[in-house]
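Indexing begins at 1, ligand by ligand and atom by atom, following the structure's order.
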Amino acid sequence: WAVMVSRKVLTLVLVTRPNQVLLGMKKRGFGEGWWNGFGGKVEKGETIIEAAKRELQEECCLTANTLTEVGQLDFEFVGDPQILEVHLFTTKDVSGVPTETSEMKPQWFDIDKIPFHKMWPDDKLWFPHVLKGSKFSAFFLFEGHHKILKHKIDVVTEQ
Ligand SMILES: CSc1nc2ncnc(N)c2[nH]1
């Protein structure tokens, strides 16, 4: 039987300001207890950019005035036929004040103090490319939520 794989399109937004990045402590659900970027599912009838803006607003009450797509992260989990296709965006141009919601507790981090030990294990691998302003595509094969069996990062535009 041909193996069926499906793709679930998700968004991930990193808000930056000089020397800092905004992360959210996930209070429930997928990635609970870790510092995450902001994002989630793409609903029917909305574009990926619209979904990214909506999730940022819902999760920490910030309005992204512009978003720059900086990468695509594909995640596969052993034993799960669904691939997560994560479209990664950054923005320096937001309105509002980061506000805690039922989903997320936002906090600014100096870029030399990013709490990788309390983040998804893939982040320490691709964050440096984001911070350099490179564009890249990446693939991660996870076993469970803590172990990366294989990964590949292709930098598209080196900065
Ligand atoms: C499914 S793997 C994953 N890595 C992540 N890094 C940062 N924020 C997320 N929401 C992430 N999900």
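Contacts between F140 and ligand 1 below 4.0 angstrom, taking non-hydrogen atoms only, are absent altogether. When non-hydrogen atoms are compared, ligand 1 lies under 4.0 Å from the backbone of N36 as well as from its side chain. Contact annotation for V86 and ligand 1: no heavy atom of the residue comes within less than 4.0 Å of the ligand.
The protein non-hydrogen atom at the shortest distance from atom 6 (N) of ligand 1 is D123 OD1, 2.7 Å. For atom 11 (C) of ligand 1, the closest heavy atom belonging to the protein is W120 CD1, 3.3 Å. Looking from atom 1 (C) of ligand 1 to the surrounding protein, the closest heavy atom is F30 CE2, 3.6 Å.
A side chain to side chain contact (heavy atoms under 4.5 Å, CB included) with L14 is found for one member of L22, L131, L88 and no other, namely L88. Checked against W120 for a ring pair (Phe, Tyr, Trp, His ring centres under 6.0 Å), the options F127, F75, F140, F30 give a single hit: F30.
Proximity of a side-chain donor or acceptor of T68 to a complementary backbone N or O of V70 within less than 3.5 Å is not detected. A distance-only check finds no donor-acceptor pair linking the side chain of D154 to the backbone of K152 [under 3.5 Å]. K27 places a side-chain N or O within 3.5 Å of a backbone atom of T101 that can act as its donor or acceptor partner. In terms of modelled atom types and a separation under 3.5 Å, the side chain of E59 and the main chain of G39 share a donor-acceptor contact.
Atom numbering of ligand 1 starts at 1 in the shown order; those under 4.0 Å from a heavy atom of L12 are 7 (C), 8 (N), 9 (C), 10 (N). Taking every heavy atom of G37 and a limit of under 4.0 angstrom, the matching atoms of ligand 1 come to 7 (C), 8 (N).
K53 NZ to E46 CD: the interatomic distance, rounded to the nearest 0.5 Å, is 12.0 Å.
Between D122 and ligand 1, at least one pair of N/O atoms sits closer than 3.5 Å.
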